[in-house]
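These notes concern the structure reproduced below.
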Amino acid sequence: MAEFKTEDGKMEKETVSKNFIEQIIEKDLQEGKCETVHTRFPPEPNGYLHVGHAKAILLNYGLAQKYHGKFNMRFDDTNPTKEKEEFVESIKEDIKWLGADWEDRLYFASDYFDQMYEAAVKLIKKGKAYVCDLSPEEIREYRGTLTEPGKESPYRSRSVEENLELFENMKNGKYKDGEKVLRAKIDMASPNINMRDPIIYRVAHMTHHRTGDKWCIYPMYDFAHPIEDAIEGITHSICTLEFEDHRPLYDWVVREVGYEHPPKQIEFAKLYLTNVVTGKRYIKRLVEEGIVDGWDDPRLVSIAALRRRGFTPESIKSFVELCGVSKSNSSVDYAMLEYCIREDLKLKKPRVMAVLDPIRLIIDNYPEGQVEELEVENNLENEALGKRTVPFCRELYIDREDFMENPPKKYFRLFPGNEVRLMHAYFVKCESFVKDENGNVTEIHCTYDPETKCGTGFTGRKVKGTIHWVAAPTAVEAEVRLYENIIDEEKGVYNEDGSLNLNPNSLTVRKCYVEPGLKDAKPYDSFQFVRQGYFCVDARDSKPGALVFNRIVSLKSSFKLPK
RNA sequence: UGGGCUAUCGCCAAAUGGUAAGGCAACGGACUCUGACUCCGUCAUUGUGAAGGUUCGAAUCCUUCUAGCCCAGCCA
């Protein structure tokens, strides 16, 4: 029981450095600026979540966990023109799947509409907000440009009483959309355009998916968000870089409305995957034109797509952690994601045999009609995954790439006269092969050596190659889908004529043969197909008796067949 | 050319004035009932976008450049 063997000089030191957000939080904690950590993930329910969102979710949730704080789920539903109930359900599902637990703290910005209205009234009373009658075009003109200051609205100096009355009228539906807005009175000459009397409430006669027709005015993000955070007691409001310019306004709102414990906004860089498109417009077009079969098509990187493809929540979590958090715009190589899923699956999932491109192999000296049930480990590295049996007989399928008539140097697999091991079974020697009229190999004839059976401890001679196989009579026919990245990046998403720039080989579908044991596989079951990579049973298209496997990721191969 | 932000190996990313971590990828090699996995090794030697400066000492501080990203929705 040598449990505590210490090896000098080999101290496993955890050198995981803290990211800049953790540093800020720890400083705030130390200095007593906050007592606990409370974060949130605040999506607008206007679409599906993708890997980029996973970073925000896991970051916020992870921070709450790490500092024993809380994590809120909140839908930022302040613009009914874009939002749908459908999206709130899919977002909740994806976040749950990722493992971020908001416990009982599921909120909606629309729950706070009354408080936001009161906050606006408060600002008006303080002389910090006014109702403006300028048209959208005029507001834009008055706002100035990036290089020139704006000019003040003629309605800027309305009395508090008048503003109060007009704002109430706005709420009561006396005005049409666009007729009036409520603006914060800040500084039309600010170099930061967000501070040039930003609009904080607009009129929109729209049915909201949760509040129905109760409201016809809706708060703008810049006004609503800090209030939502403050109401929920969020200590660190983590968002993406493009909101940096909004921070002064965020702080202004929190200060002027008068919250005692103001939340702090911290910005980080979004996660981009190199050569992967996450744009909603583009994906929408792919879906609408039937090029992909939905928002969860495995070629996409929505959370739902990754799930369907066979990625695990753990793999996405480790991916996000591996990427790190910083403020520099960057895009991470897809290989990093592949590494994470391989890493997660390789010890957890059975290594089974599947033949993707079959050729028939006949063992001439094996008794006709005989079937052996070979007992094999599900995963050589992980005994806990147990054993299964695989039938072996005279006629097998092997992969076409495992036989060559004229092999190049260092080709260890089957070729005339060569002997290889059939994985988990016997040594087999290629005696002859048959070609069809087109010159394609259709049948390989071998002889086997009964002495060499797996598990007998045979050491008489060695063989350089081992190949996988499936017994022909009992093989289960399945479909495999091999996915490639859908976009060829260099050229961009759209061609010059406006058509989509697609990789024509983004999806290859073919029939394959798998071990009979796999006929009972369930959706989301994943396996390592020996030498072919990791595959997951498609959770959408797979019906009993009609197995469909999506390739999660291929294995690295250090032997490339010459062309 | 107003304001905000960023710049460290092919890709992420540490280093908080004390002499450039780590991971991915790549490349060698060992091992192997698959060439995967695993394991070992190599991969920023006047080099941290550039040029100057301060300092015993600079990726870190100062100056001046350069490049990229974001902002002129009644979107978030």
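The residue Ile467(A) sits close to a base: some heavy atom pair falls under 4.0 Å. Residue contacts shown for Cys454(A) include a base, since a base heavy atom lies under 4.0 Å away. Note on Leu134(A): a base of the nucleic acid sits closer than 4.0 angstrom, heavy atoms only. Nucleic acid contact for Gly178(A): base, since at least one base atom lies under 4.0 Å from a heavy atom of the residue. In this structure, Ser135(A) reaches the bases: a heavy-atom distance under 4.0 Å links it to at least one base atom across the strands shown. Across all strands shown, Arg421(A) has heavy atoms under 4.0 Å from base atoms, whether or not it also approaches the sugar-phosphate. Within the 4.0 angstrom heavy-atom criterion, only backbone atoms of the sugar-phosphate kind lie near Leu322(A); the bases stay farther away. No engagement by His225(A) is indicated, since no non-hydrogen atom pair under 4.0 Å with the nucleic acid exists. Base contact: Arg351(A) has a heavy atom under 4.0 Å from a base atom. Using a 4.0 Å heavy-atom distance criterion, Tyr218(A) is classed as making no nucleic acid contact. Using a 4.0 Å heavy-atom distance criterion, Tyr339(A) is classed as a sugar-phosphate-only contact. No engagement by Gly47(A) is indicated, since no non-hydrogen atom pair under 4.0 Å with the nucleic acid exists. Residue contacts shown for Thr78(A) are limited to sugar-phosphate atoms, with no base heavy atom under 4.0 Å away. Using a 4.0 Å heavy-atom distance criterion, Thr81(A) is classed as making no nucleic acid contact.
With rounding to whole Å, Phe319(A) atom CZ is found 11 Å from rC12(B) atom P. As rounded to whole Å, 13 Å separates atom C1' of rA76(B) from atom NE2 of His208(A). If you measure from atom NZ of Lys464(A) to atom C1' of rC31(B), you get 12 Å, rounded to the nearest angstrom. Protein atom CG of Asp333(A) is 15 Å distant from nucleotide atom P of rC9(B), rounded to whole Å. If you take CD of Glu141(A) and P of rG73(B), they are 12 Å apart, rounded to a whole angstrom. Distance Leu273(A) CG to rC24(B) C1': 13 Å, rounded to the nearest Å. Counting to the nearest Å, the C1' atom of rU38(B) and the CG atom of Asn382(A) are 14 Å from each other. Between the P atom of rC37(B) and the CG atom of Asn379(A) lies a distance of 13 Å, rounded to the nearest Å.
The aromatic ring centroids of Tyr218(A) and Phe113(A) lie less than 6.0 Å from each other. In this structure, Tyr250(A) has its ring center at least 6.0 angstrom away from the ring center of Phe243(A).
The only option from Glu515(A), Glu375(A), Glu373(A), Glu377(A) that meets the salt bridge (Lys or Arg N to Asp or Glu O under 4.0 Å) definition with Arg388(A) turns out to be Glu515(A).
Distance from the side chain of Lys556(A) is smallest to rA25(B) among rC71(B), rC33(B), rA25(B). You'll find that the side chain of Leu380(A) is closest to rC33(B), out of rG2(B), rC33(B), rC74(B). The side chain of Met220(A) lies closest to rG73(B) when the candidates are rG73(B), rC33(B), rC24(B). In the set rC33(B), rA13(B), rA76(B), the nucleotide with an atom closest to the side chain of Ser330(A) is rA13(B). The side chain of Ser326(A) sits closest to rA14(B) out of rA25(B), rA14(B), rC75(B). The side chain of Ile193(A) has rA72(B) as its nearest neighbour among rU6(B), rC69(B), rA72(B). Taking only side-chain atoms of Ser17(A), from C-beta outward, the nucleotide of rA36(B), rC33(B), rA14(B) with the closest atom is rA14(B). Comparing rC74(B), rG4(B), rA76(B) against the side chain of His246(A) picks out rA76(B) as the nearest. Comparing rC12(B), rU38(B), rC74(B) by their closest approach to the side chain of Met336(A) singles out rC12(B).
Ring geometry, Trp215(A) versus Tyr117(A): the interplanar angle falls from 30° to 60°, so the pair is classed tilted. Ring geometry for Tyr107(A) versus Tyr112(A): interplanar angle of 30 to 60°, hence tilted. In this structure, Tyr201(A) and Phe167(A) have perpendicular ring planes: the angle between them is above 60°, well past the 30° mark.
Remark: the Asp245(A) side chain and the rG3(B) base include a donor-acceptor N/O pair separated by less than 3.5 Å. You'll find a donor-acceptor pair under 3.5 Å spanning the side chain of Lys82(A) and the base of rC75(B), going by distance alone.
Nearest-nucleotide positions on RNA chain B place Arg342(A) closer to the 5' end than the other of Glu381(A) and Arg342(A). Nearer to the 5' terminus of RNA chain B, by closest-nucleotide assignment, is the contact made by Pro191(A) (compared with the other of Pro191(A) and Glu343(A)).
Comparing rG18(B) with rA13(B), their C1' atoms sit 22 Å apart, to the nearest whole Å. Taking the C1' atom of each, rC9(B) and rA59(B) are spaced 14 Å apart, rounded to whole Å. Between the P atoms of rA67(B) and rG53(B), the separation comes to 23 Å (whole Å). Nucleotides rC11(B) and rA44(B) have their P atoms positioned 15 Å apart, rounded to a whole Å. For the C1' atoms, the distance from rG22(B) to rU8(B) is 14 Å, rounded to whole Å. To the nearest whole angstrom, the two P atoms, one in rA14(B) and one in rA7(B), are 9 Å apart.
When Watson-Crick and G-U wobble pairs are counted only if both distances are under 3.5 Å, rC61(B) pairs with rG53(B). A 3.5 Å limit on both hydrogen-bonding distances identifies no Watson-Crick or G-U partner for rA76(B). Applying the Watson-Crick and G-U wobble criteria (two distances, each under 3.5 Å), rG17(B) pairs with nothing in any strand. Base pairing annotation: rG2(B) forms a Watson-Crick or G-U wobble pair with rC71(B), both donor-acceptor distances under 3.5 Å. Of all nucleotides present, only rU66(B) satisfies the Watson-Crick or G-U wobble test against rA7(B), with each distance under 3.5 Å. Both distances falling under 3.5 Å, in either a Watson-Crick or a G-U wobble arrangement, occur for no nucleotide opposite rU45(B).
Taking only side-chain nitrogens and oxygens, Arg247(A) never comes nearer than 4.0 Å to OP1 or OP2 of rG3(B). Ser328(A) has a side-chain polar atom (N or O) that falls below the 4.0 Å cut-off from OP1 or OP2 of rA13(B). Distances shown here put every side-chain N or O of Lys327(A) at or beyond 4.0 Å from the OP1 or OP2 atom of rG4(B).
Residues Arg40(A) and Glu232(A) are not paired through a salt bridge, judged by the lack of any N-O separation under 4.0 Å between the basic side chain and the carboxylate. With salt bridges taken as basic N to acidic carboxylate O contacts below 4.0 Å, one links Arg531(A) and Asp402(A). We find that Asp197(A) and Lys151(A) are not joined by a salt bridge, their nearest charged nitrogen and carboxylate oxygen being 4.0 Å or further apart.
Base orientation at rG28(B) is anti, since its O4'-C1' glycosidic dihedral falls outside 90° of 0.
Smallest separation of non-hydrogen atoms from Thr240(A) and Lys270(A): CG2-CG, 3.4 Å.
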